[in-house]
Each structure stands twice: as C-alpha cells, then as structure tokens.
Amino acid sequence: SMADLKVDLTAPNGKKFTLPTGLFINNEFVKASGGGEKITSINPTNEQDICSVEAASADDVDKAVAAARAALNHESWRDISGTERGALMFKLADLAEREKEVLATIETWDNGKPYGDALGDLGEVIACLRYYGGWADKIHGETIPTTPQKFAYTLKQPIGVCGQIIPWNYPLAMAAWKLGPALACGNTIVLKPAEQTPLSILYFATLIVKAGFPAGVVNIINGYGKVAGQALASHLDVDKVAFTGSTATGKHIMKTASVNMKNITLETGGKSPLLVFADADLEQAAKWAHVGIMSNQGQICTATSRVLVHENVYDKFVALFREEVNSTSKVGDPFAEDTFQGPQVTKAQYERVLGFVQSGQSEGATLAMGGKPCSLNGKGYFIEPTVFTNVKDTMSIYREEVFGPFVVVAAFKTEDEAVRMANSTTYGLGASLFSQNIELAHRVAARIESGMVWINSSNDSDFRVPFGGVKQSGIGRELGEAGLAAYTQTKAIHVNMGTKL
Ligand code: TXE
C-alpha cells in the first residue's frame, strides 16, 4: 500500500520529516516490481541503518522510460513555451530554497559531509536551477544566409528521453547539474541516483510535484548500477545517457550506450594537479591546496590530488601546507559546527583509501601526515587527512584516483618538467597553478591537458562556467551555456524560395 512507501524520520540534528521511499514515476511514488532487493542507506558516521528504499528492476526502468516518452510527446510539456518551462524551474528552485535545511540534513546524514557543506551544495542546486531556468526561453537556432533562392534556418530541439546516472559525492548538486540543462531544453528524464546515497533526491522529488511539472517529465528511480543503471544505459527507447562516476563505469556505459547509438556525456575520474611555481604566494597556495583536496572528504572529481612544487620552495610549501591541515582539517561529527571533514561515504570507499595508504608506503613514498583510520565512539568511516611526500610519477598513488583526503606532493625543476608531470596521467579534468607571473600563468594554463584550470585558486567552480574533462576524464561539458549543447540537437530546415526544376 502507499502507506508502506514513506517513513517518518528524525535526523541526528533533531530535524523531523517524512521521506517517501518508492520509485518516483509519473509524479507518483510506487513500489518496485519483481520483489527484488531494496537499498538500505547507512549513516557513515555511526554505521547504522537509516532506512530502506525501493530499488528498480529492469521492468521498473521500462516503466519509467515509458512515462518519460509519453511526457515528451504530451502537449503539457511538448507544447509549452520556454518561458513556461523556465517558470516551473524557478518554482522548483524556490521550493528547494524553502526546504534547504531538510534537504541538507538528509544529505549530511546519508553522505557524511559536514552540514555547512551540504547547505553550500543546496545553494548550488538552487542557483543552477535558476540559471538554467533563465536559459529556457533563450535557446534558439539561427538563420543562415545561403543564396537568394534559399531560406535556411536551424531549430534547437530537445534530444528526447534522457537517462541520467548520478554519483554519491554530491547527490543533489550532481542531480541539479543534469536536471537543469535537460529541463531548460525541453527533454524528459529518467534519473538514477547512486545506491550509496538514495535519500535526499526522494525528498526533492516531492518538490517536483509541488512545482507543477507534468507527470513523467522527471522520473527518479533508485537502483543498483548493475541492474537499473545497466537497464537505463542499454534501453532502446532512451535517446541519451549522461553519467558522472568512475572512468571504468564510464567506459562500460559508453559501450553499452552504443546499442542504439545514444548521445552521451560523461564526467569521470581525475587526478588533478596543482602547480606551485617558485614565485607563488605560498601561503595562499597552501590554503587553496588544502581546500582543493581535503574538502568533501576528498571525494571531489576535480580534487587537486597531486601537488607539484618547484624545488626551491618545496620545503617551505610543505611546512605551510602541514600547518594548514593541522589547523583547519578537524575530523569529526558532520553535524558539529567546527567539523571540516566527516567520514568517507561508505565502508568500501574507506577501505579503498586505506589501501592506497598501504601502497604509498610500499612504493617508498614518505607518509608525512595522517594515513590512519579514526572513529567517533569507535564507529564511522573516518580517515586522518593524509599527505605523502617524495612521490615519484611512476607510483600508483601519483597516477590513480584515490578519492579521499589523500594528497601526494612532488617536486619539479623547470616549467617544462612541471607541464610534463602535470600531463603525465590518463586523466584531464581540473588543474590549478600558482604564480605571480601572468605570462607564465596563462602560458602554462594553455599547455595543461585538462578541461578546467584555476589560476591562483583551486576548485573554484561556478555554475555559469563550463565544466568537464579531456582524455579519460570525460566527454562533453556541463554547466554554463556550453552545458546546453549536451541537451539539444540542431535540426536544419531548408526552404525553397523559388528554385524551379
Ligand atoms: O563509481 P561508479 P563507484 C570514482 C572514485 C571512486 C570510484 C568508485 O574514484 O572511488 O569512482 O566509485 C552507476 N551501468 N568516482 O563504484 O561505479 C552507479 O550505480 C550503469 C568519481 O561508486 O562509477 C552510480 O549511480 N550505471 C566520480 C554511478 O554509476 C552503473 C564520483 C557511479 O558509480 C553501472 C563517483 C553500470 N554497469 C566515483 N555500474 C566523479 N567523477 O566525481 C555503476 N553504475
């Protein structure tokens, strides 16, 4: 019954709310079919169950896709103006703003990120929806002069039914990055959240109904990657798949999506470098380097996880960086106000990061700080902020994405060597560089193989500016005007103005 599909919860910070637990299809919460396994969400701070939610089977994915297809062709969505689509998005943003404390509470409880950071994520969700709501009536083709006998123009049309597969590091923000442009361009959506963090998006789904979106425009199906994710990526009636997650899964999705030549965008792993040149403001470099790797428990796709420092300032930088970690990176209860770093999202991620501590030590790097598990009353997936120095670019801790509060520091001698070391991984997502020399800064920024470069900052992203990777960090761009390209296709119309045969 419907009564089974919600649960009354009281969060560790005392917030009470009712959470739907069903699959969100056609603006309703429904049971999963097939009697399959549910998803039980675990609080990474104390390792206790929060609650269980429905997990979609391949049949449920079919239902959600059918709902999205019907909505795409229904006049209540197909025939409304961009201005009206924008108005729905503004309404959704307003509702998210009104409910941001509940949404941030759920995010912190489920994911383990500090509550202040979760509130920051909500700010991004709201801003992103408003930004793309503003675009909704400004998406248009062009007229193209050819010959006097021809009138040629283009239409920017929606791609159609879009599958969106979301990771667990920023559950709501990653959903907003994908929902915003897709809705602005008039698509319909089947979104699959990560099984590690299924909860906040269910509360968010209630706001989609309240905002007045027609049934079937947005469908949200929690489910396991290998079941629901796989069914979505391989579905013959899905026109596009957008994915954020690991490079391995991204490659698999790319192959799977080829079954009907789906349009794809991928945002995958990274091992983003942060370069400190000899003339840099070292104090600022140390502070930004800290923010760039230790925020969000290091679970950031653009985390500046490799710090490359000119040999002349190496020792001084490392001392300043250690001081910054010591004074700022307080590990603890994510609901406590002075906490900078909460637990890793799951036991699997926690073990993975600790595994990299071992490989760093056996590869002969110097463990300069941290590297040990820690806990709160004996529980929780906490890890001390970890710094390795004397790292060589042949070591796995230099090349592989760790996705934790884990940074490697290496030295370079020349600008050429810095660029070569920065570019020496298979990834190309973000990069930072610190220098007071504007010529050097812009020259190096152009030579680094990455989708984003921050000069004299790190991870200072903005919803108005394109975001995405090169090499094995992804295909396509999200955010900014560039993000619209991922959700429209160009149709060319040729009008004969008088050519007679
Ligand atoms: O990722 P997956 P995981 C990296 C990070 C992390 C590692 C593993 O290094 O340690 O990936 O994390 C869905 N068909 N990043 O295992 O598997 C899955 O259900 C379709 C970086 O959690 O990529 C989830 O919704 N979908 C990253 C999503 O893919 C499938 C953020 C991501 O899971 C699927 C997260 C399949 N066969 C992890 N298998 C970033 N770029 O920020 C899984 N999924």
Side-chain angles (χ1 to χ4, degrees), residues 37 39 41 44 53 55-56 58 61 111 113 121 163-171 173-175 177-178 190-198 201 220-235 238 241-259 262 264-272 293 295-305 344-356 381 383 396-397 399-406 425-430 450-452 459 461 467-469 471-476 478:
E37 206 187 330
I39 293 172
S41 173
V53 303
V61 174
N111 169 283
K113 68 175 67 199
D121 287 7
Q164 303 186 326
I165 299 176
I166 309 291
W168 41 260
N169 53 340
Y170 294 92
M174 290 300 100
W177 283 26
K178 291 193 173 26
V190 178
L191 182 148
K192 194 202 82 63
E195 53 268 47
Q196 295 83 354
T197 50
I201 195 78
I220 295 164
I221 48 164
N222 275 306
Y224 292 97
K226 289 202 164 65
V227 182
Q230 181 68 24
L232 195 55
S234 61
H235 204 289
V238 170
V241 62
F243 167 79
T244 300
S246 65
T247 293
T249 302
K251 286 181 185 177
H252 176 74
I253 285 178
M254 201 172 167
K255 249 188 244 161
T256 308
S258 75
V259 63
K262 284 182 189 67
I264 51 169
T265 46
L266 304 171
E267 199 258 276
T268 55
K271 190 77 176 175
S272 301
I293 181 61
S295 305
N296 210 45
Q297 296 65 248
Q299 300 165 153
I300 317 170
C301 46
T302 46
T304 35
S305 51
Q344 305 309 116
V345 70
T346 57
K347 188 159 196 245
Q349 285 297 314
Y350 162 86
E351 284 170 351
R352 186 183 138 93
V353 177
L354 292 174
F356 275 106
Y381 309 130
I383 296 176
S396 70
I397 58 166
R399 316 186 77 84
E400 291 176 32
E401 182 175 54
V402 175
F403 226 59
F406 184 116
T425 74
T426 54
Y427 296 115
L429 199 50
S450 70
M452 287 82 65
N459 277 278
S461 296
F467 185 104
K471 294 160 79 178
Q472 293 186 33
S473 288
I475 296 177
E478 299 188 283

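Read the numbers this way: they start at 1 and go in the same order the structure lists the ligands and their atoms. Since this is a predicted model, take the numbers as computed values, not measurements.
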Undergrad: Looking only at protein heavy atoms, identify the closest one to atom 3 (P) of ligand 1 and say how far it is in Å.
TA: Trp168 NE1, 3.9 Å
Undergrad: With heavy atoms of Gln349 as the reference, note each atom of ligand 1 found under 4.0 Å away.
TA: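 Taking each heavy atom of Gln349 in turn, ligand 1 has 6 (C), 8 (C), 10 (O), 12 (O) under 4.0 Å.
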Undergrad: Show which atoms of ligand 1 fall inside a sub-4.0 Å distance from at least one heavy-atom site of Thr249.
TA: 2 (P), 17 (O), 23 (O), 30 (C), 34 (C), 39 (N), 43 (C), 44 (N)
Undergrad: As a check for students: among Glu195, Gln164, Lys226, identify the option with a heavy atom nearest to atom 19 (O) of ligand 1.
TA: Glu195
Undergrad: Under 4.0 angstrom from atom 9 (O) of ligand 1, is there any protein heavy atom?
TA: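 Yes; the ligand atom in question has protein heavy-atom contact below 4.0 Å.
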Undergrad: Does Glu267 approach ligand 1 within less than 4.0 angstrom via side chain, backbone, both or neither, non-hydrogen atoms only?
TA: both
Undergrad: Which of the numbered atoms in ligand 1 are under 4.0 angstrom from any heavy atom belonging to Ala194?
TA: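 Answer, ordered by atom number: 25 (O).
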Undergrad: Judged on heavy-atom distance to atom 32 (C) of ligand 1, which of Phe403, Tyr224, Phe243, Phe356 sits nearest?
TA: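 That would be Phe243.
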Undergrad: Give me the one residue out of Glu267, Glu478, Gln164 that meets side chain to side chain donor-acceptor pair (under 3.5 Å) with Lys178.
TA: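 Considering Glu267, Glu478, Gln164, a side chain to side chain donor-acceptor pair (under 3.5 Å) with Lys178 is found only for Glu478.
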Undergrad: Please list, in number order, the atoms of ligand 1 under 4.0 Å from a heavy atom of Pro167.
TA: 31 (C), 35 (C)
Undergrad: Rounded to the nearest 0.5 Å, what separation is found between the CG atom of Asp121 and the CE atom of Met174?
TA: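 Here the interatomic distance stands at 8.0 Å.
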Undergrad: Going by the order shown, which atoms of ligand 1 are within less than 4.0 Å of some heavy atom of His252?
TA: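 Counting atoms of ligand 1 from 1, those under 4.0 Å from His252 are 37 (N).
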Undergrad: Between Pro193 and ligand 1, which part of the residue brings a heavy atom under 4.0 Å of the ligand: side chain, backbone, both or neither?
TA: backbone
Undergrad: Which ligand 1 atoms, with their elements, are less than 4.0 angstrom from a heavy-atom of Lys192?
TA: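 Reading through ligand 1 atom by atom, the close ones are 18 (C), 19 (O), 25 (O).
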Undergrad: Atom 7 (C) of ligand 1: which protein heavy atom is closest, and how many Å away?
TA: Ser246 CB, 3.9 Å
Undergrad: Report the part of Thr268 (side chain from C-beta onward, or backbone N, CA, C, O) that has a heavy atom under 4.0 Å from ligand 1; answer both or neither where that applies.
TA: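 For Thr268, the contact with ligand 1 is made by the backbone alone.
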Undergrad: Within a distance under 4.0 Å of any heavy atom of Asn169, pick out the atoms of ligand 1 and give their elements.
TA: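 Counting atoms of ligand 1 from 1, those under 4.0 Å from Asn169 are 31 (C), 42 (O).
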Undergrad: Please state whether the rings of Tyr350 and Tyr381 are parallel, tilted or perpendicular, taking 30° and 60° as the class boundaries.
TA: tilted
Undergrad: Considering only protein heavy atoms, determine whether one is less than 4.0 Å from atom 12 (O) of ligand 1.
TA: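 Yes, there is one.
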Undergrad: Please list, in number order, the atoms of ligand 1 under 4.0 Å from a heavy atom of Gln196.
TA: 22 (O)
Undergrad: Out of curiosity, is Tyr170 lining ligand 1, as in a heavy atom under 4.0 Å away?
TA: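 No, Tyr170 has no heavy atom closer than 4.0 Å to ligand 1.
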Undergrad: Applying a 4.0 Å heavy-atom criterion (strictly less than), which segment of Ile166 is in contact with ligand 1: side chain, backbone, both, or neither?
TA: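 Backbone only.
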Undergrad: Tell me which protein heavy atom sits closest to atom 26 (N) of ligand 1, plus the residue, atom name and distance to 0.1 Å.
TA: Gly229 CA, 3.6 Å
Undergrad: Before we go on, tell me: are the rings of Tyr170 and Trp177 under 6.0 Å apart, centre to centre?
TA: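 Tyr170 vs Trp177: aromatic centres not under 6.0 Å.
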Undergrad: How does Cys301 reach ligand 1, by side chain, by backbone, by both or by neither, if only non-hydrogen atoms under 4.0 Å count?
TA: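 It is both parts that get close, each with some atom under 4.0 Å.
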